[in-house]
Amino acid sequence: MRLHVADHPLVAHKLSVLRDVSTPSPTFRQLVDELVTLLAYEATRHVRTEEVPVQTPVALTTGIKLADPSPIVVPILRAGLGMLDGMTRLLPTAEVGFLGLRRDEETLEAITYANRLPDDLSGRQCFLLDPMLATGGTLVASIDYVLQRGARDVTVVCLLAAPEGLKLVEEFVGDRADVSVVVAAVDERLNEKAYIVPGLGDAGDRLYGIV
Ligand SMILES: O=P(O)(O)OC[C@H]1O[C@H](OP(=O)(O)OP(=O)(O)O)[C@H](O)[C@@H]1O
Ligand SMILES: O=c1cc[nH]c(=O)[nH]1
Ligand SMILES: [Mg+2]
């Protein structure tokens, strides 16, 4: 597993406003969207492309376009939905699959309630979106779904990760696939309720307000 922590003052600035408990939902949603576009720039660094001829007003040249098969973007509901528009804005030809998982806050087990993915993901670049990587249970289950369908090239885009979750993902992935995790920041630790510290609270609730 490769980890890339975005090191940019605009990312740090937007993340600081997101962390602030007094930031209201509309601003929170807007900042998540803006942060994703900054992270997507890094996350798509190795997106597959192919050459195409381009006739400019002056000359014939060679350009590039996103290669077939198109990448697939998978937001992990609910909170990952807040990252979808920002990602597809930069990857307009991508297809979108959906995974719905929620963490049981007592057992911390990830429970799947929705799964709409193509049966065959072999040869597809997969981008998984979830703002929070806490224990890593949700992400391990999500990576497992796409690997079971044949994906071997997976990029995860998160806003915050805990070291505990990164370790779990790394142990799970091993050398089974090429998995990159792009995050805005790696925080200190998890608290006794497995919330990221200092974190930003419950991302889903802050985006959508319904528990
Ligand atoms: O790494 P983990 O310990 O598994 O926790 C992280 C998960 O928890 C949050 O989702 P949540 O279960 O709150 O669902 P929601 O997006 O519907 O709010 C978050 O968006 C991740 O999916
Ligand atoms: O800190 C955390 C941990 C899990 N899920 C969240 O939304 N936030
Ligand atoms: Mg939640």
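Order of appearance sets the numbers: ligands from 1, and atoms from 1 within every ligand.
For ligand 1 and Thr135, the ligand atoms under 4.0 Å from any heavy atom of the residue are 1 (O), 2 (P), 3 (O), 4 (O). Every atom of ligand 1 with a heavy atom of Gly204 under 4.0 Å away is listed here by number and element: 18 (O). Close contacts of ligand 2 with Ile196, meaning ligand atoms under 4.0 Å from a residue heavy atom, involve 1 (O), 2 (C). Near Ala134, the atoms of ligand 2 lying under 4.0 angstrom from a non-hydrogen atom of the residue are 3 (C), 4 (C). For ligand 1 and Arg103, the ligand atoms under 4.0 Å from any heavy atom of the residue are 2 (P), 3 (O), 4 (O), 5 (O), 12 (O). Within ligand 2, the atoms closer than 4.0 Å to a non-hydrogen atom of Gly201 are 1 (O), 2 (C), 6 (C), 7 (O), 8 (N), numbered from 1 in the order shown. Proximity to Ala194 (heavy-atom distance under 4.0 Å) selects the following atoms of ligand 2: 3 (C).
With hydrogens left out, the protein atom closest to atom 6 (C) of ligand 1 is Met132 O, 3.5 Å, a heavy atom. In terms of protein heavy-atom proximity, atom 17 (O) of ligand 1 is nearest to Arg78 NE, 2.9 Å. In terms of protein heavy-atom proximity, atom 16 (O) of ligand 1 is nearest to Ala79 N, 2.9 Å. For atom 13 (O) of ligand 1, the closest non-hydrogen atom of the protein is Asp202 OD2, 3.8 Å. Of all protein heavy atoms, the one closest to atom 14 (O) of ligand 1 is Leu101 O, 3.9 Å. Nearest non-hydrogen protein atom to atom 7 (O) of ligand 2 is Ala203 N, 2.9 Å. Closest to atom 5 (N) of ligand 2 among all protein heavy atoms lies Met132 CB, 4.2 Å. Atom 2 (C) of ligand 2 has as its closest protein heavy atom Tyr195 CD2, 3.4 Å.
Proximity of Ala162 to ligand 2 is not established, as no heavy-atom distance is less than 4.0 Å. Under the 4.0 angstrom criterion for non-hydrogen atoms, Ala79 is not in contact with ligand 2. Between Arg206 and ligand 2 there is no heavy-atom distance shorter than 4.0 Å.
In terms of N/O distances under 3.5 Å, ligand 1 is approached by Thr138. Ligand 1 has an N or O atom lying under 3.5 Å from an N or O atom of Gly136, backbone or side chain.
Interatomic distance, Leu200 CG to Leu160 CG, rounded to the nearest 0.5 Å: 5.0 Å.
In the model, Tyr145 has a side-chain atom that pairs as donor or acceptor with a side-chain atom of Thr112 under 3.5 Å.
You'll find the side chain of Leu139 stays beyond 4.5 Å of the side chain of Phe172, heavy atoms only. For the pair Val32 and Leu18, the minimum side-chain heavy-atom distance is below 4.5 Å. Side-chain contact check for Thr23 versus Gln30: every heavy-atom pair is 4.5 Å or farther apart. In this structure, Ile76 and Phe98 have side chains that are not in contact, with every pair of non-hydrogen atoms separated by 4.5 Å or more. The shortest side-chain heavy-atom distance between Val54 and Thr62 does not fall under the 4.5 Å cut-off. Proximity of Leu39 to Met87: side-chain heavy atoms (C-beta onward) are nowhere separated by under 4.5 Å. Residues Leu77 and Leu99 are not in side-chain contact: their nearest non-hydrogen atoms beyond the backbone lie 4.5 Å or more apart. The side-chain heavy atoms of Val74 and Leu129, taken from C-beta on, include no pair separated by under 4.5 Å.
Protein heavy atoms are found less than 4.0 angstrom from atom 3 (O) of ligand 1. When distances from atom 19 (C) of ligand 1 to the protein are checked, a heavy atom turns up under 4.0 Å.
If you look at Asp130 next to ligand 1, the close heavy atoms, those under 4.0 Å, all belong to the side chain.
Between Arg78 and Asp130 there is no salt bridge, since none of the side-chain N atoms of the basic residue sits less than 4.0 Å from a carboxylate O of the acidic one.
More than 12 heavy atoms of other residues, nucleotides or ligands sit less than 6.0 Å from atom CG of Asp20. Heavy atoms from other residues, nucleotides or ligands lying under 6.0 Å from NZ of Lys167 number 12 at most.
Just one residue in the list Arg2, Arg48, Arg124 forms a salt bridge (Lys or Arg N to Asp or Glu O under 4.0 Å) with Asp153, and that residue is Arg48.
Looking at Asp202 and the Mg ion (ligand 3) together, the shortest N, O or S contact belongs to OD1.
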